[in-house]
Amino acid sequence: QLEQAWRVKLGQGPNMATPLVHDGVMFLASTQDNVIALDATSGEELWRYEHRPTAFASARMGVAIHDDKLIIPTQNMHVVALEARTGEVVWDHAIETTLAGAVPYSLRGAPLVANGMVLQGVTATMIPEGGFIVGLDLETGNEVWRFHTVARPDGPGGNTWNNLALSERSGGSVWVPASYDPELDLAYYGTAPTYDTGPLLHSINEEGVSNDALYTNATIALRPKTGELVWHFQHMPNGQWDLDWVFERQIVELEVEGEMR
C-alpha cells in the first residue's frame with residue numbers, strides 16, 4: 001500500500017545525489033550547489049545552503065554526516081562543512097589543482113568520514129597528471145595528505161607508464177566514495193582507467209619498465225590518517241577498452257572453505 005506522502009520540487013539541472021537521512025532530517029545535495037535539509041516526515045524545508053550557483057552544474061552523488069557536521073563537495077572544487085542543525089558554514093576548504101578552474105576537474109563522489117578525516121576523491125578525466133584523493137582534517141578542513149592515483153615517475157609504480165613524462169600521464173579519476181573498514185582502519189577506493197591509451201598500447205621493451213599504468217583500473221587501500229598506500233590490486237593492467245573499475249567496494253563477511261573472511 002505504498003503511496004506518496006509528500007513531494008518537493010528541486011532546481012532544474014542534474015540531480016543525482018542519494019539523500020541522507022539522520023534523526024528525522026533528510027539532507028540532499030541538489031543541483032547548482034544547493035543543499036537542503038527537509039523534515040523527512042513532512043517534506044518541510046528546515047534550511048537551505050547555496051554555495052556558489054554557476055552556469056556549469058556537475059552532478060554529485062551525495063553528502064556525508066558526522067556528529068554535528070554535514071560535509072558537502074561543490075562543483076568549484078571546495079569541500080564545505082556545515083552545521084547540520086542550521087546549515088551555517090563551519091569551514092570551507094578549496095582543493096588546489098595544477099590547472100586552476102579547469103572544468104574537467106570535479107568532485108562527484110560523496111565524501112567519506114573516517115578516523116577523524118574527510119576523504120574526497122577527485123576526477124580528472126583528460127587532465128595531465130591525473131586524479132587524486134585528499135585527506136582533510138575533520139575539525140579544521142585543512143588538507144593533511146594527497147594521494148595521486150596516477151603514479152609519479154620517481155615514486156612507487158612510476159615505472160609502469162612506458163617512461164612517459166608526468167605531463168603525458170592522465171586518468172585514474174575517482175568517481176565514487178570509498179568503503180571503510182574500521183577494524184583494519186582501511187579505506188578502499190576504486191580508480192578509473194586512462195583515456196589516452198595510444199602511448200601505452202605497445203610496451204617500449206625496456207627492462208624494468210611496463211605499460212600497466214598504475215594506479216588506474218585498481219582497488220587501493222589507504223590509511224585515512226596519513227594517506228599511506230597499504231596495498232593495491234590492479235584489475236585490468238593497461239586498460240585499452242575503458243573498462244571502468246571505479247564503482248563501489250563492498251565489505252562483506254563470507255565463508256570461504258569453512259573460514260569466515
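In this text, all values refer to a predicted model and were calculated from it rather than measured experimentally. One-based numbering along the sequence shown.
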Give the cluster check for Tyr180 versus Met117: same hydrophobic cluster or not, with ILVMFWY residues linked at side-chain heavy-atom distances below 4.5 Å. yes
Check the pair Met77 / Val122 against side chain to side chain contact (heavy atoms under 4.5 Å, CB included), numbers first and verdict last. CA-CA 9 Å; Met77 295 291 291; Val122 178; 3.8 Å; yes
Is there a donor-acceptor pair under 3.5 Å between the side chain of Gln234 and the backbone N or O of Thr216? yes
Looking at side-chain heavy atoms only, is the closest gap between Leu10 and Asn34 below 4.5 Å? no
As an exercise, state the distance from CG of Leu46 to CG of Asp39, rounded to the nearest 0.5 Å. 6.0 Å
Please indicate whether Arg85 has more than 12 foreign heavy atoms, meaning atoms of other residues, nucleotides or ligands, lying under 6.0 Å from its CZ. no
Is it true that Val144 and Tyr189 fall in one hydrophobic cluster, defined by side-chain heavy atoms closer than 4.5 Å? yes
Do Ile251 and Leu119 share a hydrophobic cluster, counting only Ile, Leu, Val, Met, Phe, Trp and Tyr and linking them when any side-chain heavy atoms are less than 4.5 Å apart? no
Just say parallel, tilted or perpendicular for the rings of Tyr188 and Trp231, cut-offs at 30° and 60°. tilted
If two hydrophobic side chains count as joined below 4.5 Å and joins carry through other members, does Leu20 share a cluster with Ile72? yes
From Leu214 atom CG to Asn238 atom CG, the distance as rounded to the nearest 0.5 Å: 11.0 Å
Under 3.5 Å, is there a donor-acceptor pair between the side chain of Arg223 and the main chain of Asp185? yes
Rounded to the nearest 0.5 Å, what's the gap from NE2 on His93 to CD on Glu143? Could you check? 4.5 Å
Under the 3.5 angstrom rule, does the side chain of Thr31 hit a backbone N or O of Gly11 as a donor-acceptor pair? no
Would you give the length of the straight line joining atom OG of Ser106 to atom CG of Asn76, rounded to the nearest 0.5 angstrom? 12.0 Å
Donor-acceptor pair, side chain of Thr191 and main chain of Thr149, under 3.5 angstrom: no
Between Val150 and Arg152, does the side chain to side chain contact (heavy atoms under 4.5 Å, CB included) criterion hold? Intermediate values first, please. CA-CA 6 Å; Val150 166; Arg152 274 30 196 167; 4.1 Å; yes
Keeping Arg169 on the side-chain end and Ser167 on the backbone end, is there a donor-acceptor pair under 3.5 Å? no
Determine, using the 4.5 Å side-chain heavy-atom cutoff (strictly less than), whether Val90 and Val79 are members of one ILVMFWY cluster. yes
Check: Val174 main-chain N/O paired with Arg108 side-chain donor or acceptor under 3.5 Å: no
Is it the case that the side chain of Glu248 and the backbone of Val176 share a donor-acceptor pair, with hydrogens and angles ignored and the cut-off at 3.5 Å? no
What I'd like to find out is whether the side chain of His66 reaches to under 4.5 Å of the side chain of Val118, using heavy atoms alone. no
Smallest separation among heavy atoms of Trp47 and Ala84, with atom names: NE1-O, 3.1 Å
Just by modelled atom types, is the Leu138 backbone N or O under 3.5 Å from a matching donor or acceptor in the Trp91 side chain? yes
Between Leu164 and Leu200, is there a side-chain heavy-atom distance shorter than 4.5 Å? yes
Check: Ser30 main-chain N/O paired with Arg60 side-chain donor or acceptor under 3.5 Å: yes
Identify the heavy atoms of Ala114 and Pro224 that sit nearest to each other, and give their distance. O-CB, 3.6 Å
Tightest non-hydrogen contact, residues Leu229 and Leu222, listed as CA-CD2, 3.8 Å
Could you report the tightest heavy-atom contact between Ser170 and Ile127, atom names first, then the distance? CB-O, 3.4 Å
Is it true that Trp145 and Phe132 have ring centroids separated by less than 6.0 Å? no
Flag side-chain contact, heavy atom, 4.5 Å: His22 against Leu70: no
Are any non-hydrogen side-chain atoms of Leu38 and Leu28 less than 4.5 angstrom apart? no
Kindly say whether Glu83 contributes a backbone atom to a donor-acceptor pair with the side chain of Asp68 at under 3.5 angstrom? no
Side chain to side chain contact (heavy atoms under 4.5 Å, CB included) assessment of Ile220 paired with His232: CA-CA 4 Å; Ile220 57 177; His232 73 274; 3.9 Å; yes
For Glu183, is the CD atom crowded, meaning more than 12 foreign heavy atoms sit under 6.0 Å from it? no
Nearest 0.5 angstrom please: Leu243 CG to Met236 CE, how far? 5.0 Å
May I ask you to test the Pro199-Glu168 pair for a side-chain heavy-atom distance under 4.5 Å? no
State, without any angle test, whether Asn211 and Ser203 hold a side-chain donor-acceptor pair at a distance under 3.5 Å. no
Quick one, Leu82 with Val63, criterion side chain to side chain contact (heavy atoms under 4.5 Å, CB included). Give me CA distance, side-chain angles, the key distance, then yes/no. CA-CA 11 Å; Leu82 304 178; Val63 297; over 6 Å; no
d(Phe27 CZ, Ile71 CD1) to nearest 0.5 Å is 11.5 Å
Minimum-distance pair of heavy atoms, taken over all atoms of Tyr195 and Ala192: OH-CB, 4.3 Å
May I ask you to check whether Gln75 and Gln32 show a side-chain donor-acceptor distance below 3.5 Å? yes
Specify whether Phe233 and His235 have parallel, tilted or perpendicular ring planes, treating 30° as the upper limit for parallel and 60° as the lower limit for perpendicular. perpendicular
Here the pair of heavy atoms bringing Ala187 nearest to Leu112 is CB-CD2, 4.1 Å
